[in-house]
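A short write-up of the structure that comes next.
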Amino acid sequence: MARTDKLKLGTFVYTFGFHPAAWLHPGSDVNGANDIAHLARVAAVSEAAKFDFMFFADSPAAAVGHPEALARQPTKMNRFEPITAITALSMVTENLGFVATASTSYYEPYNIARLYASADHISGGRICWNVVTSDHDETGYNYNRQGLDPHADRYDRGEEFLDVVFGLWDSFEDDALLLDRENGLYHDHTRLHQLDHAGPHFQVLGPLNIARTPQGRPVIAQAGGSERGRELAARTAEIVFSLASNIDKNRAFYKDVKSRMAKYGRDPGDLKIMPGIVINVGETRAEGEARAREMVDLMHPEVGLLMLQEFLETDLHGSDLDAPFPMERMPEKAKGSVAMFEEVREFVTQGHTLRELITHYARKHTGNGLTGSYMEVADFMQEWFEAEAADGFILMCPTLPASLEDFTRLVVPELQRRGLFRETYEGATLRENLGLSWPENRYTLARGTAAG
């Protein structure tokens, strides 16, 4: 059966672009890390093309490790806190949504509930929280921990954290604000609720001191390929940033996650699976390939090696870059993304050199790599969308705004010509534009059920 919905598109944001050498490219703004005008330009390009959102990945810590390599890679060393940034950007946009990452390992639920609800009000209902548990030791050192908590512990805390935030966002029912000056009643006290949560990780009384937001509550995004990650996504997520590396794997992932939703009373249409995809596009394939080669040539090997070490949490310095990967330094299991770990392990078992792995990881460490003409890129997206391997894509542009401008100039008109992508926004909120249902307030729902 032909799909009746439209592709969803988001812009993945590292300050200069996704490629670790993006800051060296003339198509990026070298001053952009501390200039909101740079991100406002990226937002303007995204909104003009009718994208759904900008997606801000984040780690709340600077990178640690070899100083020479870090001095060549500014992505983690100098960047805005994302909730602050998206709130500012919402004031210079009208329809574009914003996804900001925040970790359940290093916040308290009440803080997160209040921050994102505030941003959602300020933006008029265009905010999404990308829920992560964090996956690098370097972050924990700044938060009274000796590195990273075990994966299972992070998920236990994360699941309870998310449940508490949902409860706090329901504190005010939709009709709780009376604003009745004549009788001096600001809100209906019967429509404002304490949470009274007491669990293994959190004790939160509530209520949240901000009203229900314009889209009911902020949208929820997640990225996780593990068993627990998939189950949590099926229960709570509305956007999943997937990491599968080919259409067959992603079709299986898509089917698996959506098939779990029914037991939570959810419709599969209320979850959009959006693979991250690195795009190098041109008028012709040769032009796209030239742009990809240019970025690889700009990257210093020390930078790629640092990225790989951070992910694998193993010391590779001193290894022969042109020899096969030293398998004795491959961890037995993932500490971070399970899906990406499997991708790396599969690549090295094919006998590739460490240098080749560095390039591969730099291109694909959070998604697919796609290089070609605008017609080839449109064909790829159409195939994945119609095969139910994706509901859309998060574009990991090598440079910002240059690569994004290439995509919006070349690929978006072709997607629109094929009837795959919108020409106007469907609504005023991110939830409406994504085609997500309204989240019913638990207290309103319970009262209606009792009355019925």
Side-chain angles (χ1 to χ4, degrees), residues 8 55 99-105 107 109-110 112-113 116-117 120 127-135 149-171 195 197-202 204 206 208 212-213 215-244 250 252-275 337-339 388 390-392 394 430-431 434-446 449:
K8 309 303 176 188
F55 185 109
V99 183
T101 300
S103 174
T104 59
S105 297
Y107 278 92
Y110 197 92
I112 286 291
Y116 280 88
D120 207 41
I127 300 302
C128 171
W129 171 27
N130 178 40
V131 183
V132 300
T133 64
S134 293
D135 58 4
D149 293 337
H151 186 273
D153 292 351
R154 298 199 313 272
Y155 260 97
D156 287 343
R157 176 185 166 97
E159 290 179 11
E160 185 181 343
F161 191 115
L162 195 51
D163 289 340
V164 173
V165 170
F166 278 12
L168 289 170
W169 280 338
D170 277 349
S171 295
L195 183 61
H197 175 87
H201 299 278
F202 304 106
V204 182
L208 188 65
R212 185 100 151 138
T213 77
Q215 55 180 344
R217 66 175 182 233
V219 173
I220 296 295
Q222 290 175 34
S226 68
E227 174 63 24
R228 290 193 68 175
R230 294 179 186 214
E231 198 66 27
L232 185 61
R235 182 167 71 87
T236 63
E238 292 158 312
I239 299 169
V240 166
F241 182 12
S242 81
L243 303 176
N250 225 63
F253 177 82
Y254 185 104
K255 182 178 180 180
D256 176 59
V257 174
K258 294 208 175 193
S259 69
R260 302 174 187 230
M261 296 176 70
K263 63 186 174 187
Y264 299 113
R266 300 186 66 204
D267 187 294
D270 280 330
L271 174 59
K272 308 302 177 184
I273 293 181
M274 300 178 67
S337 166
V338 174
E388 294 191 335
D391 295 308
I394 298 176
L430 175 58
R431 188 172 293 281
L434 287 172
L436 304 174
S437 63
W438 178 265
E440 295 292 339
N441 183 285
R442 66 187 64 190
Y443 302 105
T444 306
L445 189 62
T449 301

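Side chains are part of it too, since the values below use all heavy atoms of this structure and drop only hydrogens, waters and symmetry mates.
- Here the side chain of Trp169 pairs a donor or acceptor atom with the backbone of Ala113 at under 3.5 angstrom.
- The side chain to side chain donor-acceptor pair (under 3.5 Å) with Glu238 is formed by just one residue from the set Arg431, Gln222, Lys272; it is Arg431.
- By the salt bridge (charged side-chain N to carboxylate O under 4.0 Å, His left out) test, Glu440 is found to be paired with no residue, residues two or more places apart in sequence or in another chain being considered.
- Considering only heavy atoms from C-beta on, Glu159 comes within 4.5 Å of Arg235 through its side chain.
- Checked options Asp170, Thr444, Asp120; the residue passing with Arg212 is Asp170 (criterion: side chain to side chain contact (heavy atoms under 4.5 Å, CB included)).
- Looking at heavy atoms from C-beta onward, Lys255 lies out of side-chain contact with Glu388 at the 4.5 angstrom threshold.
- Of all the heavy atoms in Gly392 and Pro275, the pair that sits closest is O-CD, 3.1 Å.
- The structure places CD1 of Ile394 at 5.0 Å from CZ of Phe241, a figure rounded to the nearest 0.5 Å.
- Of all non-hydrogen atoms in Gly269 and Leu436, the two that sit nearest each other are O-CD2, 4.1 Å.
- Of the candidates Ile239, Leu162, Val240, Leu271, Leu162 is the only one forming a side chain to side chain contact (heavy atoms under 4.5 Å, CB included) with Ile220.
- Under the side-chain hydrogen bond (donor to acceptor under 3.5 Å, both in side chains) criterion, His197 pairs with Glu160, sequence neighbours left out.
- For Ser242 against Phe253, the heavy-atom pair with the smallest separation is CB-CE2, 3.7 Å.
- For Leu195 against Gly167, the heavy-atom pair with the smallest separation is CD1-CA, 3.7 Å.
- For Arg266, there are no side-chain hydrogen bond (donor to acceptor under 3.5 Å, both in side chains) partners two or more places apart in sequence or in a different chain.
- Taking 4.5 Å as the limit, every side-chain heavy atom of Tyr264 sits out of range of all side-chain heavy atoms of Thr236.
- Between Tyr116 and Trp129, the ring planes are tilted. Angles from 30° to 60° get that label.
- Side-chain atoms of Val132 and Arg154, non-hydrogen and from C-beta on, never get closer than 4.5 Å to each other.
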Side chain to side chain contact (heavy atoms under 4.5 Å, CB included) assessment of Ser437 paired with Asp267: CA-CA 9 Å; Ser437 63; Asp267 187 294; over 6 Å; no

For Phe202 and Tyr110, what are the C-alpha separation, side-chain angles and deciding distance, and is it a side chain to side chain contact (heavy atoms under 4.5 Å, CB included)? CA-CA 10 Å; Phe202 304 106; Tyr110 197 92; over 6 Å; no

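- Counting heavy atoms from C-beta on, the side chains of Asp156 and Pro200 never come closer than 4.5 Å.
- Side-chain contact between Arg217 and Phe166: present, with at least one pair of heavy atoms (C-beta onward) separated by less than 4.5 Å.
- Summarising the geometry, atom CG belonging to Asp270 is positioned 6.0 Å from atom CE belonging to Met261; distances are rounded to the nearest 0.5 Å.
- Under the 3.5 Å distance criterion, the side-chain polar atoms of Asn130 are left unmatched by any main-chain donor or acceptor of Val99.
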As a quick check of understanding, evaluate side chain to side chain contact (heavy atoms under 4.5 Å, CB included) for Asn250 and Ile273, giving each step before the final call. CA-CA 9 Å; Asn250 225 63; Ile273 293 181; 4.3 Å; yes

What do the steps show when you test Thr133 against Arg157 for side chain to side chain contact (heavy atoms under 4.5 Å, CB included), and what is the final call? CA-CA 8 Å; Thr133 64; Arg157 176 185 166 97; over 6 Å; no

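- Of the inter-residue distances, the one linking Arg260 atom CZ with Arg230 atom CZ reads 6.5 Å to the nearest 0.5 angstrom.
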